[in-house]
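We use all heavy atoms of the structure for the numbers below, so side chains are in, but hydrogens, waters and symmetry mates are not. We name chains A, B, ... by the order of the sequence lines, and we start the count at 1 in each one.
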Protein chains: 2
Amino acid sequence: MVRINRKLEYALMVLKYMSAKAPSELTTAKEVADFIKGPFDTIAKVMQQMVHSELLRSEQGVQGGYFLATNLNKLNLFKLNEVVSGPMELVKCFDEDHHCELSSHCNIQSPLVTLNRKLIDFFQELSISELLRIKSPLSAKSQSVKKEVAG
Amino acid sequence: MVRINRKLEYALMVLKYMSAKAPSELTTAKEVADFIKGPFDTIAKVMQQMVHSELLRSEQGVQGGYFLATNLNKLNLFKLNEVVSGPMELVKCFDEDHHCELSSHCNIQSPLVTLNRKLIDFFQELSISELLRIKSPLSAKSQSVKKEVAG
DNA sequence: GTTAAATACGACATATTTTGTCGTATTTTC
DNA sequence: GAAAATACGACAAAATATGTCGTATTTAAC
Ligand code: FES
Ligand code: FES
């Protein structure tokens, strides 16, 4: 099976939620959790992971929170998935720590390499701002630049 | 996470293995299991599922086995995944029996619909014969037709 | 300086999904 | 009738995903 998981959804929800605010405004994990009626702890951890990979930045203490620290035009779904799930191959066989026990007699290795590559490309080409239809100041700017180049 | 699972791999292995034979020759589950050094029962069940969806046909009894019953040019990865995993949405939220408890407050529903659609398209456009680089008589024929149309 | 609200983070617990095994029945050839 | 194969449901085990808890730290407000 091939499915999108919750943590990736939470990450998308967080970005969607935060991108509706002014860039300087802080957002707390509680705020998001309340808004989407989801589990605070899990969502908070996702946001912390996003800080690690510098998608967000955080301020601690009372009145602390998170704010966007990246251009969502340059962020893609592949990257975002890595942020929440850690780096991993999309075809299990090729994952470092997985070690596929069939690999020595496998008759579809090269097809799987191809598939792995195609999946990576697919997710890399999916920009978050496009997917979430975000029109931030930055986003709008980049879009128009893109248009000029394209047209 | 977003990953290809074993059953789909087994199905691909089976098709790869069988497509190397003459169309009339039978292949047993044991034969495939021995060849790839995989678990007989699981592989057998995958082949049985393929019979249900008429990708293969079977003959019972001693000297029984399976043979290809479909044009692999017309088979795509989406369909093959459905055959081994049953019909299901690629974004869990939209799955009939899953019922996403966040859906009433979800702020990314429309993006998820888009993503779901794109994933389906991606897998539907991946033809099995192309992926496995199969050059069966049928396959070769269709390929040349395709070329003529394209060129 | 104490309290409250927030992030930070690891360890654990639970739930779900995936993967494999077993038992048993049926079909067919020898 | 025995052997080799498919057929299939129920179960078991393993892996993964998801959520919870405990505790520490930071900072603003009082
Ligand atoms: S099944 Fe893992 S490498 Fe082919
Ligand atoms: S999280 Fe399920 S519909 Fe949005």
**Message:** With a 4.5 Å cut-off on side-chain heavy-atom distances among I, L, V, M, F, W and Y, is there a chain of contacts connecting B:Val91 to A:Leu126?
**Reply:** yes
**Request:** Please test B:Val51 against B:Arg57 for side-chain contact (heavy atoms from CB on, under 4.5 Å), starting from the C-alpha separation and ending with a verdict.
**Result:** CA-CA 5 Å; B:Val51 171; B:Arg57 258 180 284 169; 5.5 Å; no
**Request:** Tell me what A:Gln63 touches on the nucleic acid: a base, only sugar-phosphate, or nothing, going by heavy atoms under 4.0 Å.
**Result:** sugar-phosphate
**Message:** Quick check on contacts: within residues 103-110 of chain A, what sits under 4.0 Å from DNA chain D by heavy-atom distance?
**Reply:** none
**Prompt:** Taking atom types as they are modelled, is there a donor-acceptor pair under 3.5 Å from the base of C:dT21 to the side chain of B:Lys45?
**Reply:** yes
**Asked** Quick one: does B:Ser103's side chain have a donor or acceptor within less than 3.5 Å of a partner on B:His99's backbone?
**Response** no
**Asked** How long is the line joining CG of A:Leu26 and P of C:dA5, in whole Å?
**Response** 17 Å
Could you go over nucleotides 26-28 of chain C and give all protein N or O partners under 3.5 Å, atom names and distances?
{"residue": "C:dT27", "atom": "O4'", "partner": "B:Gln60", "partner atom": "OE1", "Å": "2.8"}
{"residue": "C:dT27", "atom": "O2", "partner": "B:Gly61", "partner atom": "N", "Å": "3.2"}
{"residue": "C:dT28", "atom": "O2", "partner": "B:Val62", "partner atom": "N", "Å": "3.3"}

**Item:** Whole angstrom value for the distance that separates P of D:dC8 from CD1 of B:Ile43
**Value:** 18 Å
**Request:** Round to a whole Å and report the spacing from CG of A:Leu102 to P of C:dG20.
**Result:** 8 Å
**Asked** Given D:dA7, C:dA8, D:dT20, which nucleotide is nearest the side-chain atoms of A:Tyr66?
**Response** C:dA8
**Asked** Under 4.0 Å between a Lys/Arg side-chain N and an Asp/Glu carboxylate O for A:Lys45 and A:Asp41?
**Response** no
**Protein-nucleotide distance (A:Gln49, atom CD; C:dC9, atom C1'), rounded to Å** = 11 Å
**Item:** Separation of C:dA25 P from B:Gln48 CD (nearest whole Å)
**Value:** 17 Å
**Message:** Expressed as a whole number of angstroms, how long is the span from A:Arg3:CZ to C:dT16:P?
**Reply:** 13 Å
**Prompt:** Cut-off 3.5 Å, side chains only: do B:Tyr66 and B:Glu59 have a donor facing an acceptor?
**Reply:** no
**Request:** Using modelled atom types only, decide if a donor and an acceptor are shared between the side chain of B:Asn107 and the backbone of A:Met13 within a distance under 3.5 Å.
**Result:** yes
**Asked** Taking only side-chain nitrogens and oxygens of B:Tyr10, does any of them come within less than 4.0 Å of OP1 or OP2 of C:dG20?
**Response** yes
**Item:** Distance, rounded to the nearest Å, where B:Ile4 contributes CD1 and C:dT17 contributes C1'
**Value:** 16 Å
**Item:** Integer-rounded Å distance: C:dT19 P and B:Leu8 CG
**Value:** 10 Å
**Request:** Indicate whether any N or O donor in one side chain lies under 3.5 Å from an N or O acceptor in the other, for B:Ser129 and B:Asn73.
**Result:** yes
**Prompt:** Is A:Lys7 side chain donor-acceptor paired with the D:dG19 base, going by distance under 3.5 Å alone?
**Reply:** no
**Message:** If the cut-off is 4.0 Å, is B:His98 near the phosphate of C:dT16, judged by side-chain N/O to OP1 or OP2?
**Reply:** no
**Request:** Could you tell me whether A:Arg6 and B:Glu101 make a salt bridge, using a distance below 4.0 angstrom between a side-chain N and a carboxylate O?
**Result:** yes
**Prompt:** Side chain of A:Lys16, backbone of A:Leu132: donor and acceptor closer than 3.5 Å?
**Reply:** yes
**Request:** Look at all strands and tell whether B:Ser58 reaches a base, only sugar-phosphate, or nothing, counting heavy atoms closer than 4.0 Å.
**Result:** sugar-phosphate
**Asked** Is the shortest side-chain N/O distance from A:Asn5 to OP1 or OP2 of D:dT18 below 4.0 Å?
**Response** yes
**Asked** Quick one: do A:Val46 and A:Phe40 end up in the same hydrophobic cluster if we chain Ile, Leu, Val, Met, Phe, Trp and Tyr together by side-chain heavy atoms under 4.5 Å apart?
**Response** no
**Asked** For residues 28-35 of chain B, which residues have at least one heavy atom under 4.0 Å from DNA chain C?
**Response** none
**Fill in**
Contacts of B:Lys92 and B:Asp41 projected onto DNA chain D by closest heavy atom; the upstream (5') one is B:Asp41
**Asked** Is A:His52 near enough to C:dC9 that one of its side-chain N or O atoms lies under 4.0 angstrom from OP1 or OP2?
**Response** yes
**Message:** Taking atom NZ as the centre, does B:Lys21 end up with more than 12 heavy-atom neighbours from other residues, nucleotides or ligands that are less than 6.0 angstrom away?
**Reply:** yes
**Message:** For residues B:Phe67 and B:Ile43: do they belong to one hydrophobic cluster (side chain heavy atoms under 4.5 Å, members Ile, Leu, Val, Met, Phe, Trp, Tyr)?
**Reply:** no
**Request:** Scan side-chain atoms only and decide if A:Glu89 and A:Asn116 contain a donor-acceptor pair under the 3.5 Å cut-off.
**Result:** yes
**Fill in**
Contacts of B:Val51 and B:Glu101 projected onto DNA chain D by closest heavy atom; the upstream (5') one is B:Val51
